[in-house]
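These values consider heavy atoms only, across backbone and side chains, with no hydrogens, waters or symmetry-generated copies. Labels below follow one simple rule: chain letters A, B, ... track the order of the sequence lines, proteins then strands, and each chain is numbered from 1.
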Amino acid sequence: MENYVEKVYAVTRRIPRGRVTTYGAIADYLALGSARMVGWALYQSIGVANVPAHRVVNRRGELTGRLHFPTPTMMQQLLESEGVRVTNNRVVDFERHFWHPAQAEE
DNA sequence: AAGGTGACAGGGT
DNA sequence: TACCCTGCCACCT
């Protein structure tokens, strides 16, 4: 791995379809920097292929990064297309969809 | 060089 | 759950 950003991309790509995780979980798993750094790294991911940034939300399950997508509704739309319901910019049953990088992927 | 900013989190109230 | 405050750390003026 070259840098912090690449590591964040790698972890983000491992998030299973239909699942979500948090900035803090990624930062914790990488044991590097803080959650803010993860947010910054994902901001860099705009335009990078195969980085499902829409599966990363904040600790409350809110789609705080939606305004950074090409369109403000894309993030929610992508999640719903994977079976994750979103209401008022928040993931419904967030805890049920939560996935931690440390747990085995399915 | 110093201070402001931000796709955040955790703890207290 | 929500709101507020503080810690966080790379980047950009």
Side-chain angles (χ1 to χ4, degrees):
Chain A
M1 233 41 87
E2 310 297 328
N3 52 58
Y4 188 84
V5 174
E6 287 300 326
K7 290 188 177 184
V8 173
Y9 290 177
V11 174
T12 304
R13 276 189 280 254
R14 299 223 297 274
I15 304 173
R17 192 170 178 285
R19 298 287 209 136
V20 297
T21 192
T22 68
Y23 302 95
I26 295 175
D28 179 62
Y29 177 69
L30 294 177
L32 285 174
S34 65
R36 282 191 184 278
M37 296 302 93
V38 176
W40 170 78
L42 288 178
Y43 174 73
Q44 309 300 305
S45 81
I46 297 176
V48 177
N50 300 318
V51 179
H54 60 280
R55 293 177 187 152
V56 184
V57 298
N58 76 357
R59 70 172 182 199
R60 298 182 195 164
E62 298 171 332
L63 312 188
T64 50
R66 74 184 195 291
L67 296 177
H68 295 275
F69 282 77
T71 66
T73 57
M74 179 180 279
M75 188 172 187
Q76 173 171 347
Q77 208 157 42
L78 287 171
L79 286 172
E80 297 194 316
S81 71
E82 299 183 352
V84 179
R85 279 183 307 230
V86 176
T87 299
N88 198 22
N89 297 319
R90 214 177 299 122
V91 175
V92 177
D93 288 329
F94 170 60
E95 294 188 0
R96 194 169 71 74
H97 293 287
F98 181 74
W99 175 89
H100 192 285
Q103 87 184 66
E105 43 216 284
E106 343 242 320

When the distance from NE2 of A:His68 to P of B:dA7 is rounded to whole Å, what number comes out?
4 Å

How many Å lie between OH on A:Tyr4 and C1' on C:dC9, as a whole number?
9 Å

Between A:Asn88 (CG) and C:dT1 (P), how many Å, whole number?
14 Å

A:Arg55 vs B:dA7: side-chain N/O to OP1/OP2 distance below 4.0 Å
no

Closest non-hydrogen atom pair between A:Phe94 and A:Asn58, with its separation:
CZ-O, 4.0 Å

Pick the nucleotide of DNA chain B nearest each of A:Thr22 and A:Met37; which residue has the one closer to the 5' end?
A:Met37

Testing A:Met75, A:Arg66, A:Glu62 for side-chain contact (heavy atoms from CB on, under 4.5 Å) with A:Asn89, which one passes?
A:Arg66

Atom-pair distance (CD on A:Glu62; C1' on C:dT1), nearest Å:
10 Å

From C-beta outward on A:Ser34, which listed nucleotide comes closest to its side chain: C:dC9, B:dA9, B:dA7?
C:dC9

Rounded distance (Å) that lies between atom P of B:dA9 and atom NE2 of A:His100:
12 Å

Describe the nucleic acid contact of A:Ala27 in one word from base, sugar-phosphate, nothing, applying a heavy-atom distance below 4.0 Å.
nothing

Let me know which of A:Arg17, A:Gln77, A:His54 forms a side chain to side chain donor-acceptor pair (under 3.5 Å) with A:Glu82.
A:His54

A:Thr64 side chain: which of C:dA2, C:dC8, B:dA7 is closest?
B:dA7

Could you point out which residue of A:Val20, A:Thr22, A:Ile15 forms a side-chain contact (heavy atoms from CB on, under 4.5 Å) with A:Val56?
A:Ile15

Winner on side-chain proximity to A:Arg60, out of C:dA10, C:dC3, B:dA9, is C:dC3

Starting at CE of A:Met74 and ending at C1' of B:dA7, how long is that distance when rounded to a whole Å?
16 Å

Same cluster (ILVMFWY, side-chain, under 4.5 Å), A:Trp40 and A:Phe69:
no

Whole angstrom value for the distance that separates P of B:dT5 from CG of A:Leu67:
18 Å

Could you work out which one of B:dA7, B:dA9, C:dA10 sits closest to the side chain of A:Trp40?
C:dA10

Nearest-angstrom distance from the residue atom OH of A:Tyr43 to P of B:dA7:
8 Å

Closest to the A:Asn58 side chain: C:dA10, B:dA7, B:dA9?
B:dA9

